[in-house]
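What follows is a single structure, written as structure tokens, with notes after it.
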Amino acid sequence: MSLDQYYLLGRSGLRVSRLALGTMNFGTGGFHAPYGRTEDEARPIFRRYLDAGGNFIDTADFYTAGESETLLGKLIAETGARDRLVLTSKFTNSIDPGDPNAGGNGRKHMIRAVEASLRRLRTDYLDLYLLHTWDRITPVEEVSRTFDDLTKAGKIRYAGLSDVPAWYAARAQTLAEAHSLVPMINLQLPYSLIERTIETEHVPAGQALGLGITAWSPLGSGFLTGKYRDSGKGLTGEGRLSGEGGAGYDWTSRQWELLKTLETVADALGATMAQVALNWVATQPGIASAIVGASSAEQLGSSLAALDFELPAALRADLDAASAVPPGKPYTMFTPRYQSWMINAGVKLGDKPPEYHPVVRNWVPENQG
């Protein structure tokens, strides 16, 4: 139950834990109030994460209407852990109705937002600052230049993107490279066994462009914990998915069959369904870290144990098959089967042999000690 192994985030030298602490429920205000935690409830969660060796903290100015950042600022100050943490916040969403520049990704709002976040978090810099959501209208050149200015001003150390189209991320990174601006190192996206659509474009883009992907909602808004069941007339169980809208999911027989497979794999490993689902996400290609939230320190402790075991290849294959999303066109033309016969006429061809770039570790694996 220890997060004592760290990896580089994207094409950078920033070391982060493979499980990040999500703090969307720190605080009791705003949009996230129904799931919020008071200061006394959030404190043991935060300290449990630090005690386990975790260093990657995720928040946003929008979470609980700013209370998440305010609470985090107090908790970080109490522990004196600011310098060892990789503190991440995000901007885009507005909590000031009526002001057209109090949201979005324009320069005016970016600068205003980072200054407000710094005040609430009681710090003079953010380790990682993310655009929270593509607003569809702000020129990407403006965003890239402002990220660069904020870095030069010492307000942020690294820049990244969350919930943007893959082409937008590629455009931002290409502009940064072409004009020697601060590069993007992080791409934060929804990813889980029931939400694998980012594998089509975003994961390859991240791998090619040096964007380490952090996965939010790796448990599918709680669906993959097994606390929800199919009543034959819809989903039953207490939680956000049983509320109005169901977090945007339409429950199908395929998803319920996936849940059965996940339960079978968990039983075979002596783990919980949530632990297996987290392990699967955190060890997928292109994924730098999975963001885990918790309603209690005990729940967080269970999640942190998700990396204490290895998911066997055969069981991973079962999960892959049960959760696979068939690619549409033109992506069917990029599959190994299609390209082997249509492009390479059956010739066995790869980009590099497996030994071309050995894994770099600065610790000795336990079985080689």
Side-chain angles (χ1 to χ4, degrees), residues 3 5-24 54-60 86-90 92 126-134 140 143-144 147 157-174 176-177 182-221 224 277-293 303 306-307 311 316 319-320 323-325 327 331 334 357 359:
L3 298 177
Q5 297 175 4
Y6 308 89
Y7 290 87
L8 301 182
L9 183 59
R11 193 177 298 147
S12 78
L14 186 63
R15 286 87 156 170
V16 299
S17 303
R18 296 179 76 189
L19 295 179
L21 178 63
T23 63
M24 187 174 68
N55 76 337
F56 199 8
I57 308 292
D58 181 82
T59 187
V86 176
L87 185 56
T88 306
S89 194
K90 302 181 283 290
T92 295
L126 291 170
D127 296 285
L128 179 62
Y129 198 42
L130 305 182
L131 177 153
H132 203 157
T133 311
W134 180 45
V140 65
V143 175
S144 297
F147 269 140
R157 298 291 187 259
Y158 294 93
L161 306 166
S162 169
D163 300 333
V164 300
W167 67 260
Y168 185 96
R171 174 77 170 152
Q173 193 72 317
T174 301
E177 292 173 348
V182 61
M184 308 297 112
I185 68 166
N186 180 222
L187 190 53
Q188 188 176 122
L189 298 161
Y191 187 50
S192 71
L193 281 164
I194 63 165
E195 188 61 71
R196 295 180 59 181
T197 53
I198 69 167
E199 293 176 3
T200 301
E201 288 275 0
H202 290 83
V203 171
Q207 291 173 311
L209 298 170
L211 296 161
I213 294 174
T214 48
W216 63 262
S217 197
L219 296 178
S221 297
L224 298 169
L278 283 173
N279 185 297
W280 182 89
V281 167
T283 55
Q284 281 290 98
I287 304 302
S289 186
I291 302 172
V292 295
S303 294
L307 298 182
L311 190 58
R316 180 183 290 275
L319 292 171
D320 289 347
S323 62
V325 179
Y331 301 102
F334 310 147
H357 192 292
V359 173

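Remember, it's a predicted structure, so these values are computed and weren't measured experimentally.
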Y191 side chain vs Q188 backbone, donor-acceptor pair below 3.5 Å: no
Heavy-atom check, side chain of T283 versus side chain of R18, under 4.5 Å: yes
Aromatic ring pairing F147/Y129, orientation class (parallel under 30°, perpendicular over 60°, tilted between): perpendicular
Within-4.5 Å side-chain heavy-atom neighbours: S323 and R196: yes
Separation of N186 CG from L131 CG (nearest 0.5 Å): 11.5 Å
Residues L307, Q5; criterion side-chain contact (heavy atoms from CB on, under 4.5 Å); working and verdict: CA-CA 10 Å; L307 298 182; Q5 297 175 4; over 6 Å; no
Test side-chain contact (heavy atoms from CB on, under 4.5 Å) applied to V86 and I57, step by step: CA-CA 6 Å; V86 176; I57 308 292; over 6 Å; no
Verdict with supporting geometry, M24 and D58, side-chain contact (heavy atoms from CB on, under 4.5 Å): CA-CA 8 Å; M24 187 174 68; D58 181 82; over 6 Å; no
E201 side chain near Y331 side chain, heavy-atom distance below 4.5 Å: yes
Working for side-chain contact (heavy atoms from CB on, under 4.5 Å), residues V140 and Y168: CA-CA 8 Å; V140 65; Y168 185 96; 3.6 Å; yes
Side-chain heavy atoms of W280 within contact of D320, under 4.5 Å: yes
H202 side-chain N/O to T197 backbone N/O, donor-acceptor pair under 3.5 Å: no
Short side-chain to backbone donor-acceptor contact, T92 and T133, under 3.5 Å: yes
Side chain proximity check, L278 to S303, heavy atoms < 4.5 angstrom: yes
Minimum side-chain heavy-atom gap L189-D163 below 4.5 Å: yes
Shortest non-hydrogen contact from Q173 toward L209: NE2-O, 2.8 Å
Point-to-point distance, once rounded to the nearest 0.5 Å, from CG of L224 to CG of L219: 6.0 Å
Sidechain-backbone polar pair: R15 side chain, G13 backbone, donor-acceptor under 3.5 Å: yes
4.5 Å side-chain heavy-atom contact, L187 and I198: no
Check: L128 and I185 side chains under 4.5 Å, non-hydrogen atoms: yes
S17 and N55 side chains, donor-acceptor separation under 3.5 Å: yes
Over all atoms of both residues, closest heavy-atom pair of S192 and S217: CB-O, 3.6 Å
Atom of P218, atom of I291 and distance for their closest heavy-atom approach: CD-O, 3.2 Å
Distance-minimising heavy-atom pair for M184 and A172: CG-CB, 4.4 Å
Heavy-atom pair with the smallest gap, counting every atom of Q207 and P285: NE2-CB, 3.8 Å
CG on D127 to OG on S89, rounded to 0.5 Å: 11.5 Å
Closest non-hydrogen atom pair between N279 and A306, with its separation: ND2-O, 2.9 Å
Residue among L3, L14, T88 satisfying side-chain contact (heavy atoms from CB on, under 4.5 Å) with F56: T88
